[in-house]
Every structure is written in structure tokens, then in C-alpha cells.
Amino acid sequence: RAAVRVFIRTRPTAGHASGLRITDDHKSVAVELRKKDESAVVNNQLEKLSFKFETILDGTNQEGVFLHTTQELCDNALMGYNGTVFTYGQTGAGKTYTIAGDTQRYDQRGIIPRAVHYLFSEIDLREDREVTVRCSYLEIYNEVMYDLLSENPGTTDNLVVVDDDGVAQVKGLGKKLVANEEETLAAFFQGENLRSTASHTLNSNSSRSHVVFTVHLEIRSGADEKVMYCKINFVDLAGSERTKKSGVAGQTLKEAMYINRSLSFLEQTVNSLSRKEAHVPFRQTKLTAVLRDALGGNCKTVMIGCVWGEDDHMEETVSTLRFAARVKTLITDANINQRNDPTMLLRKYERQIAELKQELAMRDTLSGRHVSYEDLGDLEKTELRQMVEKYLKGENSLEDMQVLNLKQIKETYNQFKSVHQTLQNELACQSIHATTLSDSGAGGGEGVNNGSAGRDNNEQAVGDADADLQAGFQVGQAPGHMRPELAENPERQVNGTLSPSEPNGKAEVSVVNDKHTAFESYKRSHKDGHELSSLLKTLTVDLKDKKAKLKQNVLKTNEAKKQIDNQSTALQVIRNERINDTGDGKFEEQEVIQSLRKSKAEYRVAFTELRELKEGIVSLENNLNSTRAQLVSGFESWYSSRLLASPVKGDSSTVPNNQADGFDQEEQFDHMNMERIMLTDPESSAFHAARKALRRKKAAATVYPGDKGRAQLNRKLELNQAR
């Protein structure tokens, strides 16, 4: 059990409000309130308020916010714990910027992209575990839920919040399987583009809905049948707003009413949990139903309260701080989510069955019995049938029917049934045959016309019965005028394509072969080509060696970490025994402590080597890419100069390289930009690749049915009328 961790982040401003003070340790914030001047009225308003939180993030950049708030959640998720981080505050205070960041700029990315990068980096390091990652994106707009990753994101009929073994789940919400960081970020960016936003006085891009982006993990360790199922929820709540300040009207005003209503119910739920009331109104809204685990269930939860620390927004700031103080009192009960994997259990049971069969066979051998516990074969079934038939005929007694196991007993019953059915069929056939003979003796025997009269007996057409074979029909022979004509020049085509003897095919093959030959010649004979080619081979060998060392070092590091965990567990057991007076293991405790210190030192050395190897691999890959680019560029220049000296008609190599590859100008720019990114900051490649994939995938704006579709149309009409 643990309390919800609460952080406060301040929006950067020209100057904080005069009544807002943050302590030097960035743990507390004090607020001085001005009493309202109301004559002849007793005013008991507090003049000073003080709040203490985990950390006050004042002037902290995006990387610092992630390290303080979310990195520990990611580490816990990889150990099997559920996690939730959510932002709360007034409109325009920086909630979406904190949780999602600027999706156009890599250095300003928010918690979600950084958490995705961290998770996949840690998964790559833990080679002893198999991790399956899925993601989902839920939007709650005007109390209606939408799946932002669905092929039809406007469909809402099948989304229902249900209780799955004490965990809140949205039934019908799609979970997209993702293989790497790029695919996860592409799904996140896709959902971001479909969110409902609007502009008003306090925020030019205000969120008009609550969204929950969830990363689902399935963690398997080797051949163990235990599987850990966990998830991390990233929740971006829409901001509370005073309509007098935001100046909203029409459709945006209606959305503000729904937002304030859901946040009010969220506050009521938090108050009920804080006071430990018997009834907690989780079902009042979709938002509180979805966040039930995060507020008091099986989850490790972090709240980030975003405040706008200026005098004009002091009331909203105090409201956010008070809500954060109440959330801080909540207690969650997080447990490792571990279940049995059906596939691994099946393999385990199959293995146990095989072992039990071996034990039975050994027992039968020692007792002098010869019993097979495998499925009965055809020969054994035949022997059982013969035994049953002899028993029914009276040739064998009951003692002669030796049945040694359950499978033989079942098969004996089957054979009794089979013999019974055979006898019934024989009796029925004999009865029918006797009836037919009696009828034929009473009637005349006229022949039957086979319908072939009028035709020569030796002449048979297609479809006539074949008298020689006594079954089937005559194939016959088709007339000559129905035979297909042969092609005039069958050698002209080879499998539907031009043969190598055709001029066009010869020219194309010649050009391609000439360029490949020229490239090999350039690497062998040309001075620059030979040097770059040799350097490229050397770098490739070095990179392969370093990757092999990296793999060994990863195993070594994981083994050291596993040893530390085992020793820590053993130390805790010894200390618990001493506390409970069940053992005197002081000397043993000292030995374990010494071993633990030694293991930690080995782990630090291995981890340092691992980090140096990764840096070396990145540097080698950069050099490798740069050398390869120089080699290709030098060859293209050399080859182009040869073509200018003796141009070849129809040679596509005279076209610039990017155009020959089918790139337009925008694709050329993207290609050059990705090469620059790989050289300067390789870790950002997944982020930029996801943005690039989203630009290619971007289509016409999605038209939603129901309330969200009507809201889009109303907002467009309001904008047109305002113009």
C-alpha cells in the first residue's frame, strides 16, 4: 500500500503572483490570500495557506519532469505493477504540454513519448524476458467514449466500462499490437490528431475532452508458466474553466459545462475516498469509472497539478492546490499482476503426463506386466475384435478376454457395439433380398430400353455409357474445327515476358549489369573506392565484434542484477526471522551483506562497460553510414562522368539518384533529413519516423457520427458567423 505521489508544475510566466511563494527545497508552496472588502460582514477567510507535495517543478524542463514523475512508474511496470500518471489544472496551465508535449519538436516532447522510448530501451536490455506491447487511446467527449485508434473512431456503441477481476477495463476498446517505439509513437500521434480541441481567450488549442493513452505489457520469463499483465495509463484531463474568463459561447460553452461537471464529480469521488466513506460514487461519470483503479485500487498513481501562478489566476491556483492536497491523502494497493499462461500450462501438463506414463511403464516392468498406455493401433483393435467375436460365438470364456487398461476396456465396448451393428445390417439385407426374390417370381421380365436405339452399336459419342468398363462415361473425341489454334511464334514469349533475345530486354539487362560491374570495378581499381571499401569492411567487422560483446555484457549485467535481487530477498528473510525471534542469523546476515556489496560492485562495472559499448556502437554505426554514403556518392560521380563521355540510350542511371529511385522533392527532403538525424541524434529516429509515417497516412478529416459530429458542424457554423 502506498500514497498517491503528487507533483506541482508551474507554468513559466514573466513573474509569479506576489502571494505565491515556493520554498528553497521545492517541497512546499505558500499562498497569501487577500480578504475581500465586505463591509458589515464577518469575513473568516484564511489569509495564508501552505501545501506540501513531493516536488514543486518550477522552471523544470520536459526531461526533468519525466525523470521526477514517470520513470519510476515505468520501472515498476516492467516488474508487473499497474501505473497511472494524470494531469489536473485550469485551462491553459500546461497539462497537455506536460503529458504529450509538442509533437512537432523532438526536444519539447512530453511524458508519453519519453516513457515509450524508456520502456522499449529497457525491454531491449532485458533479453531474458519476452515482452509483448499493446496500446490503446480512449477519448471521453461530452460523456461519450471514443476509440481514437479504431478504423472508425466515431463508433461508440460497443464501449462499456466493466470490472475485470477488480480492474476497470473498457470493453470494446481496441488494443493495437506494436513491435517497437516507432509504431507506438505513430499510434499516439494518430490519436492526437483526432482529439477534440477548440480556441478561446485563455488557450488557442484547448482540449475539449479527457483522453487516456494506455500501454499494455505482457511479460514472460523463459519457460515459466507465470505471465505478468500490467499497464500504464497516461491521462490528460481537460482543464476546468470559468466561462467568464475564457469567454466561450455556443458549442464550446456546452463542452465547458460537461468538462466542469465531470471534474466536479471527480472531486466528489476523491473526497469520498479521502474520508473513507462506505459508498464511493465511481459510476457517476465515465471519467471516474475509468480512473477507479488509479484513485484507490491496484495501481501506483502519480498526479501532476498544473498551475498558472499569476495574480489573475490565483483562485484557480488555490483550487488546484487544494484538490492536489486531497489526492495526496489517497492510498492505493498495488500488487504484481501475475497469472498463468494457458499455453505454457498446456506444455507443462503435457510434460507431466509424459513423466507419469514413464513411471507407469517402469512400475509395470518391475511387476512383470507388459501394458502400453499409448493410443491403440489398428493391429490391437483388430485383435480385440477377434477376441469379442470368439467370445460371442462361445469359443472363448470370459477369463480369456484379457483387458489390462482403461483404453482397452473402452475399445472392447466399441467392438461389441460394432459387431452388434454389423449383425443388424446383415439381417436387414437378408430380409430385403428375400422380399425381392418373391416379387420377381410373380411378375414378367420385360427388358429395359437403354435409350441408345437408332445409333450404330460401334459408334459412341461423348457422354455415352462405356460398356467395356461397366462404369463411368465415354470421353469421346472432339471435332477438328473445335481444336484451339496454336500461336504463330510460340518462342516469342517465355512465361508471359519478353525473351532475352528481344532488344528491349537485352538493353535493360545490359545497363543493370554494366552498373553493377562498374561498381565492383570502382571498389577494386579506383584509389578512393578501394580505400573506402576497405574501411567499410573494417568498420563492419568491428561493429559485429562490438555487438557480440554487447550481447555478452547484457547477459552478464542481467545475471548480476538477478544475483542482487536474490541476495536482497535472502537478506530480508534473515532479518524477518531475527525480528520474529525464529532464528539467530547475525553471522549469516553479515555474509549475505558482504556478498551483496560485492555483487553491486560487479553490477556497476558491468553496467559501465555496457554503456561504453553502446556509445561505441553508435559511433561505429555513424562512421559506417558516413563511409557508405561517401562510397556511393563517389561512385555516382565517377559513373556519371563515364556516362557523359559515352551516354547509353535508355539508361535510367543518367537520371539523378533520388529521382531514379522514384523520390519526389518532398521525399528527397525527408530522406536527407533522416540521414542527418541518424548522424546527429540516433535516439530521435523513431520519433521523426513516426511523424513522417503520419504525414504520409494523413487523409481527409474524420467525420464523426452523433454528438461529436454535430459539435464539429456547429463549431464551423459559429466560426463562419463570427467572420
Side-chain angles (χ1 to χ4, degrees), residues 86-92 95-97 99-100 103 112 135-162 168-174 187-200 202-214 233-241 243 246 248-267 269 282-292 294 700-719:
F86 70 95
T87 55
Y88 179 91
Q90 74 172 101
T91 182
K95 300 179 299 302
T96 302
Y97 178 74
I99 203 78
T103 57
I112 294 177
C135 64
S136 61
Y137 210 163
L138 174 70
E139 180 184 37
I140 305 175
Y141 174 80
N142 290 1
E143 279 303 295
V144 180
M145 294 189 293
Y146 294 89
D147 184 357
L148 296 182
L149 299 185
S150 171
E151 294 181 358
N152 184 12
T155 303
T156 62
D157 298 337
N158 59 340
L159 299 183
V160 181
V161 182
V162 296
Q169 298 283 356
V170 180
K171 185 179 180 181
L173 182 65
F188 169 64
F189 292 149
Q190 174 189 340
E192 282 291 292
N193 282 342
L194 299 177
R195 289 183 60 177
S196 298
T197 58
S199 175
H200 56 71
L202 298 179
N203 192 350
S204 60
N205 192 29
S206 174
S207 300
R208 312 313 294 169
S209 62
H210 312 297
V211 292
V212 183
F213 182 78
T214 307
N233 299 315
F234 302 93
V235 186
D236 182 17
L237 300 179
S240 60
E241 58 185 79
T243 56
S246 60
V248 295
Q251 181 62 37
T252 313
L253 176 61
K254 179 182 177 182
E255 294 164 349
M257 293 170 58
Y258 274 100
I259 292 170
N260 290 337
R261 175 175 173 270
S262 63
L263 293 177
S264 177
F265 283 127
L266 175 62
E267 188 171 357
T269 303
F282 283 117
R283 297 185 179 181
Q284 286 184 321
T285 63
K286 302 287 177 58
L287 176 63
T288 52
V290 171
L291 294 182
R292 184 180 62 183
T702 303
V703 179
Y704 292 93
D707 292 341
K708 195 166 181 178
R710 286 190 291 271
Q712 288 179 330
L713 295 175
N714 291 339
R715 191 174 285 114
K716 288 181 180 179
L717 291 174
E718 291 170 2
L719 289 175

Against Val235, only a single residue in Val212, Val211, Ile99 fulfils side-chain contact (heavy atoms from CB on, under 4.5 Å); can you say which? Val212

Ala289: side chain to side chain contact (heavy atoms under 4.5 Å, CB included) partners, not counting sequence neighbours: Val161

Looking at Leu159, Ile140, Leu138, Val160, which one forms a side-chain contact (heavy atoms from CB on, under 4.5 Å) with Lys286? Ile140

ring-ring contact (aromatic ring centres under 6.0 Å, His included) involving Tyr88 - partner list, sequence neighbours excluded: Phe323

Test of understanding: with side chain to side chain contact (heavy atoms under 4.5 Å, CB included), list the residues that count as partners of Ser207, not counting sequence neighbours. Thr96, Arg195, Asp236

Mind checking the CG-CG spacing from Leu149 to Leu194? Nearest 0.5 Å is all I need. 8.5 Å

Sequence neighbours left out, what passes side-chain hydrogen bond (donor to acceptor under 3.5 Å, both in side chains) with Ser262? Give chain and number order. His210

In terms of heavy-atom contacts, Thr243 and Ala256 come closest through CG2-CB, 4.4 Å

Residues passing the side chain to side chain contact (heavy atoms under 4.5 Å, CB included) test with Thr288, sequence neighbours excluded, are Leu266, Thr269, Thr285

Test Phe86 against Lys95 for side-chain contact (heavy atoms from CB on, under 4.5 Å), laying out the working first. CA-CA 9 Å; Phe86 70 95; Lys95 300 179 299 302; over 6 Å; no

So does Arg208 pair up with Glu241, basic N to acidic O under 4.0 Å? yes

Mind checking what makes side-chain hydrogen bond (donor to acceptor under 3.5 Å, both in side chains) contact with Thr214, not counting sequence neighbours? Asn233

Could you grab the distance from atom CG of Leu173 to atom OG of Ser136, nearest 0.5 Å is fine? 4.5 Å

Under the ring-ring contact (aromatic ring centres under 6.0 Å, His included) test, which residues partner Phe189, sequence neighbours left out? Phe687

Any residue meeting side-chain hydrogen bond (donor to acceptor under 3.5 Å, both in side chains) with Gln90, in chain and number order, not counting sequence neighbours: His313

Contact summary for Gly191 and Leu148, nearest pair of heavy atoms: O-CD1, 3.5 Å

Parallel, tilted or perpendicular: rings of Phe213 and Tyr137 (30°, 60°): perpendicular

Got a sec, which residues hit side chain to side chain contact (heavy atoms under 4.5 Å, CB included) with Gln169, two or more places apart in sequence or on another chain? Val162, Asp164, Val167, Lys175, Lys231

Can you list the steps and then say if Thr91 with His200 is a side-chain contact (heavy atoms from CB on, under 4.5 Å)? CA-CA 10 Å; Thr91 182; His200 56 71; 3.3 Å; yes

No-hydrogen, no-angle side-chain donor-acceptor test under 3.5 Å, Glu139 and Ser209: yes

Between the CE atom in Met145 and the NZ atom in Lys171, the distance rounded to the nearest 0.5 Å is 12.0 Å

